[in-house]
Peer 1: 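Here you go, one structure.
Quantities reported herein were computed from a predicted structural model and do not represent experimental measurements.
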Amino acid sequence: ASKFRNLHLYGCWWFCNNPSIIREITEMRVEMLGTAFTSQHSDARVLDQLLYKWAHSRSVIAGVLASEYTKLAVSGWEPTRREIRRDVGRLFGGSYEDFMAKSLLNG
């Protein structure tokens with residue numbers, strides 16, 4: 001995805017709502033892309049689906065981030081609160097906003 005300027009990845013499809021699938025996909029993308037993707041989005045057609053799935057997904061994604069920040073701390077780099085907020089913001093919509101704001105014509 002990082003090689004194609006016209007491609008933005010979204011997290012798990014709502015029908016892949018199993019915690020193990022959300023965790024695996026999010027871990028893989030964080031390792032490969034950093035925060036250059038949107039960790040979750042919704043195509044829910046019923047509000048009840050959105051409410052439980054959103055809270056459910058956020059919890060799993062938070063665990064993935066906690067694990068990644070723990071790895072960084074063990075390696076000697078302590079992320080600041082500002083950096084963590086930046087990363088969370090990017091994963092929950094900011095990277096999409098950046099994607100939409102960039103020019104696809106000039107490399």
Peer 1: Out of the candidates I61, V64, V60, only one should pair with S39 under the side chain to side chain contact (heavy atoms under 4.5 Å, CB included) rule; please name it.
Peer 2: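 In the set I61, V64, V60, the residue that makes a side chain to side chain contact (heavy atoms under 4.5 Å, CB included) with S39 is I61.
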
Peer 1: Quick one: does any side-chain atom of T70 pair with a main-chain N or O of A66 as donor and acceptor, under 3.5 Å?
Peer 2: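 Present.
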
Peer 1: Please determine whether the number of non-hydrogen atoms from other residues, nucleotides or ligands lying under 6.0 Å from atom CZ of R86 exceeds 12.
Peer 2: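 Enclosed.
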
Peer 1: Going only through I, L, V, M, F, W and Y residues with side-chain contacts under 4.5 Å, is there a path from V88 to W77?
Peer 2: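 Yes, one cluster joins them.
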
Peer 1: Shared ILVMFWY cluster between M28 and Y69, side chains joined below 4.5 angstrom?
Peer 2: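 Yes, same cluster.
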
Peer 1: Kindly compute the distance separating CD (Q40) from CZ (R58), expressed to the nearest 0.5 Å.
Peer 2: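 The distance works out to 11.5 Å.
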
Peer 1: Roughly how far apart are N6 CG and K102 NZ, rounded to 0.5 Å?
Peer 2: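 One gets 8.0 Å once the value is rounded to the nearest 0.5 Å.
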
Peer 1: Are the side chain of S75 and the backbone N or O of L72 linked by a donor-acceptor pair below 3.5 Å?
Peer 2: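 Side chain of S75 to backbone of L72: a pair is present.
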
Peer 1: Please tell me if the side chains of E68 and D87 come closer than 4.5 Å, counting only heavy atoms from C-beta onward.
Peer 2: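 SC-SC contact between E68 and D87 ruled out.
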
Peer 1: When rounded to the nearest 0.5 angstrom, what distance separates OH in Y10 from CD1 in I25?
Peer 2: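 Interatomic distance, Y10 OH to I25 CD1, rounded to 0.5 Å: 16.0 Å.
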
Peer 1: Are more than 12 heavy atoms from other residues, nucleotides or ligands located less than 6.0 Å from atom OH of Y96?
Peer 2: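 Counting neighbours around OH of Y96, 12 or fewer heavy atoms of other residues, nucleotides or ligands fall under 6.0 Å, so no.
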
Peer 1: Can a donor-acceptor pair be found, under 3.5 Å and without considering hydrogens, that links the side chain of R29 to the backbone of T38?
Peer 2: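 No, because the side chain of R29 does not come within donor-acceptor range (under 3.5 Å) of the backbone of T38.
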
Peer 1: Would you call the rings of F92 and W54 parallel, tilted or perpendicular if under 30° counts as parallel and over 60° as perpendicular?
Peer 2: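 Geometry flag for W54 against F92: perpendicular rings.
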
Peer 1: Would you compute the distance between atom CZ of R90 and atom CG of L33 and round it to the nearest 0.5 angstrom?
Peer 2: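 It is 10.5 Å, given to the nearest 0.5 Å.
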
Peer 1: Is it the case that atom CD in E27 sees more than 12 heavy atoms from other parts of the structure closer than 6.0 Å?
Peer 2: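 Buried by this count: over 12 neighbours within 6.0 Å.
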
Peer 1: Could you go through the side chain to side chain contact (heavy atoms under 4.5 Å, CB included) check for F37 and V30 one step at a time?
Peer 2: CA-CA 8 Å; F37 70 101; V30 166; 3.9 Å; yes

Peer 1: If I take atom OG1 from residue T80 and atom CD from residue E78, how far apart are they, to the nearest 0.5 angstrom?
Peer 2: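 Answer for the OG1-CD pair, T80 versus E78, is 10.5 Å.
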
Peer 1: So does L91 get a backbone contact from the side chain of T35, meaning a donor-acceptor N/O pair under 3.5 Å?
Peer 2: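 Here the side-chain-to-backbone pair does not exist.
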
Peer 1: Is there a path of hydrophobic side-chain contacts, each under 4.5 Å between heavy atoms of I/L/V/M/F/W/Y residues, joining I21 to M32?
Peer 2: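 Per the 4.5 Å side-chain linkage, M32 and I21 are not co-clustered.
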
